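The block underneath contains the structure these notes are about, expressed in structure tokens.
FYI, side chains are in, hydrogens and waters are out, and symmetry mates aren't considered; it's all heavy atoms of this structure. FYI, the numbering just counts along the sequence from 1. All of these numbers come straight from a predicted model, not from anything done at the bench.
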Amino acid sequence: MQKLLGVLLPFGMILAGSIGVADSTRPRNAQTPDFGPNVHIFDPAMPMEAIQETVDKAFGVLEHAQFGSERCAFLFKPGEYNVDVNVGFYTEVLGLGSSPDDTHIIGAVRAEADWMGGNATCTFWRSCAGLAVTPTYIDQTTKRGDNRWSVSQAAPFRRMHIRGNLILTDNGWASGGFIADSVIDGWVDPLGQQQWLSRNSVWKEWVNHEGSWNHVFMGIKNPPEGRWPHVSNTVINKTPRISEKPFLVIDDKGSYFILLPDPRKADSRGISWSRGSIPGKKIPLDRFYIARPGEADAESINTALEEGRNLLLTPGIYHLDAPLRVNRPGMIVLGIGYPTLVPVKGTPALVIADVAGVRAGGFLIDAGPVKSPALMVVGEEKSDVRHRSNPTYLYDIFCRVGGAMPGQAACMLIINSHDVVGDHFWLWRADHGNGVGWNENINENALIVNGDHVSIYGLFAEHTQEYQTLWNGEHGRTVMYQSEFPYDPPDQKSWQHDGTNGWASYRVRPEVKHHQADGLGCYLVLNNKSVNCATAIETPCGSGIKFTNMVTLWLRGGSLSNVVNDTGGGLHEFGGKRVLSYP
């Protein structure tokens with residue numbers, strides 16, 4: 001696998017100076033907030049050639065920058081544009097209208113895997129939202145004007161309207177993605193896309209492929225036919241509970257605000273903007289602290305949070321000597337352009353108190369050089385406070401240990417609060433890059449859930465050295481799980497516990513009485529052929545436990561004895577096993 005290493009630059013060097021930006025694309029309106037040097041705002045009155053030059057120069061820097069230090073956001077004001085936006089690493093492309101149809105791009109907003117010869121299994125950390133796209137860029141594979149979004153993890157596709165067809169891979173492999181609150185007028189073809197979660201979206205047709213591993217559909221009005229085991233589709237007709245992710249908007253007077261969407265009705269299907277704009281509350285930007293790289297630090301951000309201001313993190317890397325602390329109910333912490341938080345003194349990067357109604361997401365957390373007990377914590381241990389009428393929502397939470405830099409963390413994300421909804425996580429102990437090795441990027445767990453009534457839609461957790469997902473709370477729910485076991489246990493003695501070989505990827509504590517999980521994929525990639533894992537999933541077996549559609553696949557190396565507890569059969573050297581339901 002190609003390894004692209006990056007070195008963190010001083011704050012002031014992030015992006016600015018790396019990507020030449022034409023003067024005509026710099027915002028000049030006095031009303032425009034100062035989003036820092038890594039945000040570029042486009043207006044339909046600008047020359048299209050200048051806009052195209054800007055996005056092309058950014059892509060030239062970011063196409064191969066898998067572990068680079070640059071971060072970038074492109075904001076398109078409402079109107080029409082004739083541009084081809086090829087989206088590189090750490091790039092977010094956003095429409096600023098209240099409806100995706102307010103901002104229309106004729107051309108493409110696309111992600112390709114040309115940098116790896118069509119293999120998209122490392123096409124991470126890029127996103128788009130709030131745009132209508134009429135695809136006219138001629139796809140080199142289909143020779144048609146299709147929009148291609150060939151990605152794997154940490155590449156959310158939200159509030160998009162594709163006025164044509166959408167393709168989810170190049171000619172090679174791709175390893176997982178997420179689409180929500182979107183409309184595709186034509187068909188969606190996943191091709192070699194191994195796993196995918198589609199939530200609350202609409203299309204003409206989803207093209208089934210028998211080679212897929214784990215495709216999950218929730219709240220889709222026109223889900224594909226085909227059921228396990230012949231076609232790996234899991235269909236959940238309605239989304240139990242969701243409030244769409246907050247987003248940046250500009251109004252007709254040129255004023256910016258964050259729109260906080262209203263919670264959707266229980267058991268929703270389809271998109272939130274079927275009547276045009278999304279219903280919600282407009283929050284002026286003067287109620288936000290706008291953090292910019294090179295200026296904001298933990299002290300200044302925490303001072304603003306204590307004063308009651310929300311937080312907007314702009315693109316860049318933020319080294320934090322203390323955790324960011326969200327202590328008030330109803331606060332918003334929103335990142336654009338993959339802002340990256342790095343705790344440097346062995347603390348968490350972000351701690352959210354046990355309060356109601358927080359909305360947080362759109363950022364990446366890198367483990368620092370001193371081992372953190374967790375990279376992000378939500379709520380207080382052993383809390384008995386319910387937030388059923390006003391849950392906390394977490395969106396696009398991405399954590400990694402190693403890869404960009406040496407780092408260690410006991411756990412990436414701990415959820416102690418009750419009534420939390422997670423909407424797309426990727427929690428990754430790096431298997432390649434900088435600071436990678438069994439005794440280097442030490443990381444026991446990806447996710448620990450202690451709270452009750454926690455639901456997560458789209459949980460990607462990979463390569464940690466003990467239980468990857470550890471669920472201790474009651475009434476938990478996971479919809480679509482993707483996991484690879486760690487590649488690098490040097491021997492069986494290094495990867496075992498209590499007389500058991502290896503560690504299960506997904507574990508529900510034996511005392512738990514109620515838990516549901518649908519569409520789980522756990523994949524075996526062990527470099528040492530002599531290493532065995534006893535089971536992929538550990539769970540109690542009571543009447544309140546329900547698991548459906550589980551798959552394990554052997555990809556390389558050692559062996560797996562069972563899929564769930566002591567059932568499902570084992571893997572060694574080839575093949576896969578599927579379990580339709582448990583118990």
Side-chain angles (χ1 to χ4, degrees), residues 2 4 19 52 54-68 70-74 76 83-95 100 105 107-142 144-180 182 184 186 188-198 201 315 336-338 362 364 396 398 424 426 458 460:
Q2 186 174 359
L4 303 176
I19 301 173
Q52 190 67 60
T54 300
V55 298
D56 287 348
K57 285 184 176 180
F59 182 72
V61 172
L62 295 168
E63 179 184 10
H64 295 266
Q66 182 179 179
F67 297 120
E70 297 84 1
R71 304 288 184 268
C72 183
F74 294 130
F76 286 83
V83 290
D84 167 26
V85 185
N86 203 347
V87 185
F89 281 102
Y90 310 109
T91 301
E92 186 165 26
V93 185
L94 300 172
I105 290 180
V109 176
R110 58 191 174 97
E112 312 274 2
D114 296 340
W115 69 287
M116 279 187 68
N119 179 352
T121 55
C122 289
T123 305
F124 310 140
W125 304 304
R126 64 200 70 205
S127 61
C128 59
L131 298 161
V133 180
T134 297
T136 59
Y137 170 83
I138 301 302
D139 187 277
Q140 297 305 304
T141 299
T142 65
R144 300 188 302 260
D146 299 327
N147 202 82
R148 186 178 295 274
W149 192 250
S150 180
V151 297
S152 289
Q153 289 86 353
F157 191 92
R158 293 179 181 270
R159 290 187 300 107
M160 296 291 289
H161 183 187
I162 303 300
R163 300 179 182 180
N165 302 319
L166 181 65
I167 303 171
L168 300 181
T169 57
D170 289 68
N171 288 321
W173 299 315
S175 187
F178 174 87
I179 183 173
S182 294
I184 294 86
V188 182
D189 193 340
L191 291 175
Q193 185 61 251
Q194 295 162 347
Q195 52 242 332
W196 195 272
L197 173 62
S198 302
S201 294
I336 60 172
Y338 288 83
L364 170 64
D396 303 332
F398 308 133
H424 189 213
W426 186 36
F460 299 75

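Taking 4.5 Å as the limit, every side-chain heavy atom of Val87 sits out of range of all side-chain heavy atoms of Phe74. Here the side chains of Val83 and Phe76 are in contact, with some heavy-atom distance below 4.5 Å. Side-chain contact check for Asp189 versus Asn165: every heavy-atom pair is 4.5 Å or farther apart. Ser201 is listed as a side-chain neighbour of Ser182, based on a closest heavy-atom distance under 4.5 Å.
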> Does the pair Arg126 and Leu62 meet the rule for a side-chain contact (heavy atoms from CB on, under 4.5 Å), with working shown?
Replying inline: CA-CA 10 Å; Arg126 64 200 70 205; Leu62 295 168; over 6 Å; no

>> Ile162 vs Phe157, test: side-chain contact (heavy atoms from CB on, under 4.5 Å). Steps then yes/no.
In response: CA-CA 11 Å; Ile162 303 300; Phe157 191 92; 3.8 Å; yes

>> I'd like to know whether Ile179 forms a side-chain contact (heavy atoms from CB on, under 4.5 Å) with Leu166, so could you lay out the CA-CA distance, the side-chain angles of the two residues, the decisive distance to 0.1 Å, and finally the verdict.
In response: CA-CA 11 Å; Ile179 183 173; Leu166 181 65; 4.2 Å; yes

> Given the rule in the ring-ring contact (aromatic ring centres under 6.0 Å, His included) test, do Trp125 and Tyr90 qualify, once you have shown the distances and angles that lead to the verdict?
Replying inline: CA-CA 5 Å; Trp125 304 304; Tyr90 310 109; 5.6 Å; yes

>> Working note: Asp114 + Asp170, criterion side-chain contact (heavy atoms from CB on, under 4.5 Å); need CA distance, chi angles, decisive distance, verdict.
In response: CA-CA 8 Å; Asp114 296 340; Asp170 289 68; 3.9 Å; yes

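Under a 3.5 Å cut-off, the side chain of Thr123 and the backbone N or O of Thr121 do not form any donor-acceptor pair. Listed for the Gln195 side chain is a donor-acceptor partner under 3.5 Å among the backbone atoms of Ser175. Listed for the Gln153 side chain is no donor-acceptor partner under 3.5 Å among the backbone atoms of Gly176. Listed for the Ser152 side chain is a donor-acceptor partner under 3.5 Å among the backbone atoms of Ala120. The backbone N or O of Ala129 lies less than 3.5 Å from no partner atom in the side chain of Arg159, so there is not a single donor-acceptor pair.
Shown here for Pro135 and Asp146, the closest heavy-atom pair between the two residues is CB-C, 3.8 Å. Counting all heavy atoms, side chain and backbone alike, Ser127 lies closest to Glu92 at OG-CG, 3.1 Å. Shown here for Ala154 and Tyr338, the closest heavy-atom pair between the two residues is O-OH, 2.9 Å. Across every non-hydrogen atom of Arg71 and Pro315, the tightest pair is CB-CB, 3.5 Å. Nearest heavy atom pair, residue Ala111 against residue Val151, reads CB-CG1, 3.6 Å. Minimum heavy-atom separation, Asp84 to Val55: O-CG2, 4.0 Å.
Aromatic ring pairs are classed by plane angle as parallel below 30°, tilted from 30° to 60° and perpendicular above 60°; the pair Phe89 and Trp115 is perpendicular.
A distance of 7.0 Å separates CZ of Phe59 from CZ of Arg110, quoted to the nearest 0.5 Å. Atom CE in Met116 sits 11.0 Å away from atom OG in Ser150 (nearest 0.5 Å). Rounding to the nearest 0.5 angstrom, the gap separating the CZ atom in Phe178 from the CG atom in Asp396 is 6.5 Å. Note that CD of Glu112 is 9.0 Å distant from CD1 of Ile167, once rounded to the nearest 0.5 Å. Distance CZ/Arg163 to CG/Asn147: 12.5 Å, rounded to 0.5 Å. Here the straight-line distance linking atom CD1 of Ile105 with atom CE of Met160 works out to 7.0 Å at 0.5 Å rounding.
Taking the centre of each ring, Trp426 and Phe124 come in below the 6.0 Å mark.
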